[in-house]
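These numbers come from a predicted model, not from an experiment. Ligands are counted one by one from 1 in listed order, and the atoms in each one are counted from 1 as well. Computation of the quantities below employed the complete heavy-atom set of this structure, encompassing side-chain atoms and omitting hydrogens, waters and symmetry-equivalent molecules.
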Amino acid sequence: MINLILLGPPGAGKGTQAQKLGEHFGIAKLSTGDMLRAAVAAGTEVGLQAKSIMEEGGLVSDDIMIAMIQERIQAADCAMGFILDGFPRTIAQAKALDDMLAKQALKIDRVIEIQVDETALVDRISARYSCGKCNAGYNSKFKPTRVEGVCDECGATNFVHRDDDKAETVIARLQAYHKQTAPLLPYYREKSALVAVDGMQDIDVVTRQIDSLLLVKD
Ligand code: AMP
């Protein structure tokens, strides 16, 4: 059982690494951004509340996010643990997560900070896209499909760009990161849970470094 958090600004590679580490360790990948996008697409109550906030690059309310994760971590696929991508994003979310885990005699084992050069982020984010059918993520510069125009995972040929990946929204998302999410770094450092990795390296090199960091015991 291992419970992990990936921290870092938008475009750091959290989703990509969460996917790989989730498969590697056999634990559930929980992406609150994916959950919210699904809620928006389905037109649920939460989706309706989140849509305009996401389009502006702001943060959805702590109450909504905490309820969403609370329900999700109780699902059967989290029995071996989970890797969180995009949650917590505020101190209030981090404290609520600690409380809900403590009630089940669980805790966060490691928080992995993916460090990136922020001047590269807007470029990185504008090059990313995903499969319109299975949601697999790609990047025309760093991780294109093996066959042009065909999803490696499911063979679909329709791809989508996220609405909030346009430059002006990315800038707002970065501001939200610095103001509301970056304070989580000292929060987890104090709990001795924080480790950092250089996210400017190749995707596989970053994964290997995270793997080796996770092997180090307290
Ligand atoms: P992401 O896919 O992680 O970049 O998330 C996309 C958008 O969803 C963010 O810009 C926020 O508007 C919203 N969001 C995702 N996770 C959270 C969270 N934990 N707290 C608040 N808003 C979130």
Distance-only donor-acceptor hits, side chain of residues 198-206, under 3.5 Å, sequence neighbours excluded:
{"residue": "Asp198", "atom": "OD1", "partner": "Met200", "partner atom": "N", "Å": "2.9"}
{"residue": "Gln201", "atom": "OE1", "partner": "Gln209", "partner atom": "NE2", "Å": "3.4"}
{"residue": "Gln201", "atom": "NE2", "partner": "Asp198", "partner atom": "O", "Å": "2.8"}
{"residue": "Gln201", "atom": "NE2", "partner": "Gln209", "partner atom": "OE1", "Å": "3.1"}
{"residue": "Asp204", "atom": "OD1", "partner": "Lys20", "partner atom": "NZ", "Å": "2.7"}

Using atom types as modelled, flag every donor-acceptor pair under 3.5 Å from a side chain in residues 73-92 to any protein atom, sequence neighbours excluded.
{"residue": "Asp77", "atom": "OD1", "partner": "Arg72", "partner atom": "NH1", "Å": "2.9"}
{"residue": "Asp77", "atom": "OD2", "partner": "Arg72", "partner atom": "NH2", "Å": "2.7"}
{"residue": "Arg89", "atom": "NH1", "partner": "Gly86", "partner atom": "O", "Å": "2.9"}
{"residue": "Thr90", "atom": "OG1", "partner": "Asp62", "partner atom": "OD1", "Å": "2.9"}
{"residue": "Thr90", "atom": "OG1", "partner": "Gln93", "partner atom": "N", "Å": "3.1"}

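One finds a salt bridge joining Lys107 and Asp109 here, because a Lys/Arg side-chain nitrogen approaches an Asp/Glu carboxylate oxygen to under 4.0 Å. A salt bridge links Arg173 with Asp165; the closest basic N to acidic carboxylate O contact falls under 4.0 Å. The pair Arg37-Asp34 counts as a salt bridge, with a side-chain nitrogen and a carboxylate oxygen less than 4.0 angstrom apart.
Residue pairs meeting the salt bridge (Lys or Arg N to Asp or Glu O under 4.0 Å) criterion with at least one member in residues 179-194, sequence neighbours excluded: Asp98-Lys191.
Contact residues for ligand 1 (protein heavy atom closer than 4.0 angstrom to any ligand atom): Thr32, Gly33, Leu36, Arg37, Met54, Gly58, Leu59, Val60, Met65, Gly86, Phe87, Arg89, Gln93, Arg162, Asp164, Arg173.
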